[in-house]
Amino acid sequence: MKAPADRRLQLEQTWSDKPGLWGFLTTVDHKRIAARYIVTAMLLMFLAGMLALDMRWQLSVPENTRMTPQLFNESFSLHGSTMLFLVSVPLMEALGLWLVPLMLGQRNMAFPRLSAFSFWLYLGGVMTLWVAHALDITPDLGWFEYPPLSGPSYSPGHRADIWAQMITFTEVAALAASVNIAVTILKMRPPGMTLARMPVFLWAQLISSLMTILSMPAIMLVTSMLIADRMVSTHFFAPAGGGDVLLFQHLFWFFGHPEVYIIFIPATGFVSQIVETFSRRPLFGHSVVVLAIMAIGALAFGLWVHHMFAVGLPRLGNNFYTAASMAIALPAGLQIFCWIATMWSGRPWLATPMLWVIGFIATFVIGGLSGIMTASAALDLQLTDTYFIVAHFHYVLIGGAIFPLFGAFCYWYPKATGRLMSERWGRWAFVLIVGGFNLGFFPMHFLGLMGMPRRVYTYPPGMGWDLLNQVATAGSAISVLGGLVFVGNALWSFWRGEHAGSDPWRGSTLEWAGLSPTPPYNLAYTPAVTSLTPMWNGGDPLRAYDGIALERREVLITSVADAAPLYRQRSASASVWPFLSAIAVTAMFLGSIFTPWAVAIGSVPIAAALIGWFWPQRERTMTGLLRKRR
Amino acid sequence: MLIMTASVRGTERRTSIGANLAVACLIALACAGCSQEARNVGPTVPQTRPRDGADPRIALYQANVDQVAQGGRYFAWYGCQACHGESATGVRNLADGQWRHGGDFDQVFASIADRHGALRYAVRVPPEQLWQLTAYARDLPLHTPEKLHRQAVDQRAEPVGNSWSGPQ
Ligand code: HEM
Ligand SMILES: [Cu+2]
């Protein structure tokens, strides 16, 4: 798809941002916004990783006094909350914001300004948690803050409020991103990309966005109830006042369990794309993988109670949630078999992205097996709140989400920057991270079985835990070192890496059709899709349509099932209103930590900003109630 | 305080009100942040009574939300609730800001420790807990009735004293 120079110039003019700070604040370019998301989240991953290393240092010898119990409490709370709410979920959405339009051959997201709004609010959440940390008002009750401990009587001050409000920020941001992604995938697919011809990555993003939309309201509700209990003395979680502390746990985990799949499902999307491209054959069992993702998405809403076995359920209740939890192993296993079959029957090319996929499969299987163990209510009563759990969730979170993410990073890096990352350093990083991770976290299974509780700041000598803890600390240090090599490689390659050309891996999907790095308008033409792997297409060239405006921002809207072209839609231009709206919302959220009046007073600036945002730009109508009168 | 001095100075040099205010807010926030929410869960040094109303240790208790809240817990556990509960009136009402024997820290401390007759709190309650109780009592006028009620509700649910539900 070579486009004439004047066409590219015109498109460039239409879709570029203003230079300088103003352009920075007003941009609605999905690529720039996603890049911000990714850089911020990676930075936070580094900070939270340092906290983790500090905790491991503290635990390396018994009766260590480096950290006070309070500091340790703050450290794991900040580490867990950051890793889940500010790193994993946003990174998955960010990859969606960046790649969905590219894979659809579109010029932007369905709601460009909503993407910008989402990022600014996410940044508000980041600042809320970490500026508060700098002021020594760090949440210290873990990544789920159960009442009554987090209620007004037992957690005075604002630590718990900071945590709860950070959640509100990130959830609004996540909702904004998810609605945007779901609509873009459903209504803006290129002609010919029917639902049956949608790459797995897009399916994964669609399903996890829908899951976000269905599960996030539960946590926003529950943290708002907690804030109400703390600020205006409501009784939601006060048992003697007719409230119920278990209500918190149910609502939290009704979100919390789907959340781990909101993190994991996009990762399966990355893995499917990488496996396909590097096995040099179309994914084996495409519809099986898609159906498995749907099954996981549905099942994920029916098993939150496995986080609450220790709270006590009737036997049949335990059995039900145990069975439901184990059932999810079935679709997850199907997916893994499809990936293995693809590699088996293809010609696998072990470049770094593919290495990460192999690391992912090995690690995730171990995490899945320990998951089956903890899903059993009887066993879980022994294992819950021990290091076995710490081992389990790090295997599934790091193995199941962070490894695929690193693979995705290596895979799409040339697309984003036009340069290749060094394979040599990439392999070093891979060996250090995966090796260090397993060395660091595998012993924790044994520590847990030997009875070492989680969330303890130290332990007495003579428990037989010393050696394993030392090994765990050494492993963590090695994997952090590997992380530094990984980041160093990315930074070095950004300026010094080999030029990649537009399609260095000869990838299967549409994001590889355009130039790398991608120009502001993405593709010069609208691609026509006739197969699941449009860039391979059985050897046929990629055909394209013309007809979308060049001199104004316009996108093509197609039908939901068949992707038949319906109409051309104006695409919103750069605007400062999303930024201003986010500031207004931030002020309201922060104010409402201190006084209920902030909700009432704070909504005025929000309303003003939203009016500015949605100010009509069309001519007034000539008919109807609001017609232009003479 | 910081904020006020900043705006007073700002009337002379109008241009810098905003900047001064912002800096002052930040400093105030930072100072509030560094001690007000400090949560010390380690062992504390043995305590003696406050020397006078200006004892430097007072701020450690009165200006720290965790110490005050801890006092609130002892307030229920030692049975202070029984006479000074939500419906207390007159001299027993501690939330009205009226102190018969003076409202300074040492004065309230003495009222609790020495003026409860046969309850002999001075010998029955360890000194540090008396500090916390005093801080809580002096904090009470700042609490809204809803807040006090909410806390009472929480404490009623605690399995201590009469509501103990565990092994006997
Ligand atoms: C260098 C890598 C990492 C190391 C060394 C590490 C280490 C630790 C340690 C020592 C704890 C505290 C355990 C305890 O005392 O109970 C912890 C807790 C936790 N970590 Fe990590 N971690 C790492 C990466 C991650 C990542 C990438 C995620 C998520 C994506 C994550 C999620 C969590 C969560 C949710 C908790 C629980 C916090 C809580 O108990 O509230 N960690 N980690
Ligand atoms: Cu779960």
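Here is how names work: the chains are called A, B, and so on, in the same order as the sequence lines, proteins then strands, and each is numbered from 1. No hydrogens, no waters, no symmetry mates; every other heavy atom, side chains included, goes into these values.
Listed by sequence position, A:S153, A:Y154, A:S155, A:P156, A:G157, A:H158, A:R159 are the residues of residues 153-164 of chain A in contact with chain B, using a 4.5 angstrom heavy-atom cutoff.
Contacts of B:E158 with chain A are made by side-chain atoms alone, with heavy-atom separations under 4.5 Å and no backbone atom involved.
Remark: the A:T168 side chain and the A:Q165 side chain contain an N/O donor-acceptor pair separated by less than 3.5 Å. Side-chain contact, A:W120 with A:T586: no donor N or O sits under 3.5 Å from an acceptor N or O. No hydrogens or angles considered: nothing links the side chains of B:R49 and B:T134 as a donor-acceptor pair under 3.5 Å.
Under the 30°/60° scheme for interplanar angles, the aromatic rings of B:Y74 and B:W77 are found to stand perpendicular. Using a 30° and 60° split on the angle between ring planes, B:Y121 and B:Y78 fall in the perpendicular class, above 60°.
Salt-bridge check for A:D229 with B:R150: passed, with a basic side-chain N closer than 4.0 Å to an acidic carboxylate O.
A:H133 pairs by the side chain to side chain donor-acceptor pair (under 3.5 Å) definition with A:T138, not counting sequence neighbours.
Listed options B:R73, B:E146, B:R156 were ranked by heavy-atom pairs under 4.5 angstrom with chain A; first place goes to B:R73. Chain B forms more heavy-atom pairs under 4.5 Å with one residue of A:G243, A:A240, A:G151, A:P239 than with any other, namely A:A240.
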